[in-house]
**Student:** 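Following this message is one structure expressed as structure tokens.
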Protein chains: 2
Amino acid sequence: MAERGRPRAFDRDLALRRAMEVFWTKGYDNASLADLTSAMGINSPSLYAAFGSKEALFNEAIVLYGKVEGPQIWDSLTSAPTAKEAISGYLRATAATFTQPGKPAGCMVILGVLNINDANEGVSRALRAIRAENREVLKQRLDEGIAAGELAADLDTAKVAAFYVTVQQGMSIQARDGANRETLLAIADSAMAAWEQLVG
Amino acid sequence: MAERGRPRAFDRDLALRRAMEVFWTKGYDNASLADLTSAMGINSPSLYAAFGSKEALFNEAIVLYGKVEGPQIWDSLTSAPTAKEAISGYLRATAATFTQPGKPAGCMVILGVLNINDANEGVSRALRAIRAENREVLKQRLDEGIAAGELAADLDTAKVAAFYVTVQQGMSIQARDGANRETLLAIADSAMAAWEQLVG
DNA sequence: CCGTTTATGTAGTGATCGATACATAAACCA
DNA sequence: TGGTTTATGTATCGATCACTACATAAACGG
């Protein structure tokens with residue numbers, strides 16, 4: 001069963017990747033349709049036919065962002081043998097991911113929308129939900145540390161997770177302000193210096 | 001020597017305060033002239049006659065913000081007897097300042113502009129300069145700690161200052177995401193848990 | 001009173017925003 | 001071939017953006 005009608009003349013996946021780069025660089029509000037269509041190499045009717053709207057395009061872009069940039073940040077949470085190494089790996093991978101040559105600095109989930117307005121409300125809510133989910137992932141890794149007998153049973157894992165997520169979000173702003181990888185790694189290590197006190 | 005011409009019909013200081021609240025709540029880009037004039041109770045020609053432009057109005061607003069909200073955040077840097085208490089007081093005052101009832105959550109200097117575009121470039125640069133200056137203030141307080149013989153002479157004060165500034169910037173995003181004062185205070189204390197390791 | 005100066009309210013400016021109407025093009029099936 | 005379906009390019013939509021031209025109003029000094 002072949003496709004009906006005139007075939008699409010551009011690569012949808014490639015166009016989505018270009019859109020992701022624009023959103024990552026400029027944020028949702030500052031990425032204009034002109035910016036997007038220019039980077040994607042198409043006209044706006046093609047964009048709307050293929051993706052529906054600017055908001056729907058962003059939603060697809062954020063999923064792609066999670067697939068492309070997420071693994072390197074989150075892998076240590078499952079691969080590291082201890083909770084401490086998991087969190088440390090998460091922060092150090094963040095430092096590396098936020099300062100990749102040729103890619104925008106900082107995190108699209110954190111910087112995509114910060115100041116809410118009528119037009120970006122849906123996108124803003126989606127990003128906030130992802131941030132809350134990420135904090136929950138950290139907490140669950142800490143809870144696993146308790147289950148493994150590695151951490152004290154009465155440890156306030158929500159509090160510790162909130163702290164390390166906060167550091168990561170601060171690192172996003174630092175990256176946008178021009179901090180290099182070495183600086184971000186030092187910040188990550190500084191945050192880990194609190195570990196023994198926090199879990200002890 | 002009295003003023004010439006028709007006298008201004010509104011309170012300039014009060015109008016500036018209202019503008020500050022709008023900028024603080026919505027950020028520079030999302031604060032439209034309609035938002036501003038509505039909150040200030042004036043028409044746009046009066047705004048331009050009194051303040052010059054949206055950017056000039058923001059510049060005045062950020063100075064006012066520093067005068068109104070700055071002291072409670074920075075006072076401990078001069079009043080606290082030790083460097084540790086100074087930094088701790090700075091973070092705990094931040095937690096309180098970012099969650100004042102009836103005021104916008106988070107910091108206007110951090111959240112005012114994050115995604116740069118053609119229109120906000122000047123404002124963005126100004127805010128980034130303030131953030132860099134704030135980091136320098138922290139560093140200098142730590143340097144004073146060295147001069148007082150309280151901290152080791154070879155302590156990397158720039159690194160420590162960068163860490164605590166990063167935590168504060170993360171707290172701004174947390175506040176925007178709805179974190180309450182208790183949560184922010186716990187984050188501040190968590191950051192201070194790294195202190196002995198960082199300076200030791 | 002008159003002339004000057006500054007502020008105000010109305011009503012716009014051109015530019016840009018996200019999103020579309022419409023005619024045409026290019027594929028399919030019968 | 002003709003009919004259907006989908007994509008494309010042009011050209012634009014109304015809304016909103018920051019900003020201002022202009023006539024009028026309200027104060028001053030003379």
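Note that the coordinates shown come from a computational prediction; the quantities given were computed from them, not determined experimentally. Every chain is numbered from 1 and lettered A, B, ... according to where its sequence line falls, protein lines coming before strand lines.
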**Student:** Taking for each residue the nucleotide of DNA chain C bearing the nearest heavy atom, is the 5' side occupied by B:Ala49 or by A:Ala34?
**Tutor:** B:Ala49

**Student:** Look at the aromatic rings of A:Trp74 and A:Tyr90 and report parallel, tilted or perpendicular, splitting at 30° and 60°.
**Tutor:** tilted

**Student:** Any side-chain N or O of B:Arg4 below 4.0 angstrom from OP1/OP2 of C:dT6?
**Tutor:** no

**Student:** Taking atom P of C:dT13 as reference, at what distance in whole Å does atom CG of B:Leu33 sit?
**Tutor:** 17 Å

**Student:** On the 0 to 90° scale, with breaks at 30° and 60°, tag the B:Tyr164-B:Trp195 ring pair as parallel, tilted or perpendicular.
**Tutor:** tilted

**Student:** Indicate whether OP1 or OP2 belonging to D:dT20 is found under 4.0 Å from a side-chain N or O atom of B:Tyr48.
**Tutor:** no

**Student:** Testing B:Ile187, B:Asn180, B:Thr99 one by one against B:Gln174 for a side-chain contact (heavy atoms from CB on, under 4.5 Å), which residue passes?
**Tutor:** B:Ile187

**Student:** Among D:dT8, D:dA26, C:dT5, which nucleotide sits nearest the side chain of B:Pro7?
**Tutor:** D:dA26

**Student:** Return no unless some side-chain N or O of B:Asn43 is found under 4.0 Å from OP1 or OP2 of C:dG9.
**Tutor:** yes

**Student:** Hey, is the side chain of B:Ser46 poking within less than 4.0 Å of OP1 or OP2 on C:dA7, counting only N and O atoms?
**Tutor:** no

**Student:** Of all the choices, D:dA7, D:dC19, D:dG29, which nucleotide is nearest to the side chain of A:Arg6 once you look at every atom?
**Tutor:** D:dA7

**Student:** Which class fits the ring pair B:Phe163 and A:Phe163: parallel under 30°, tilted 30 to 60°, perpendicular over 60°?
**Tutor:** perpendicular

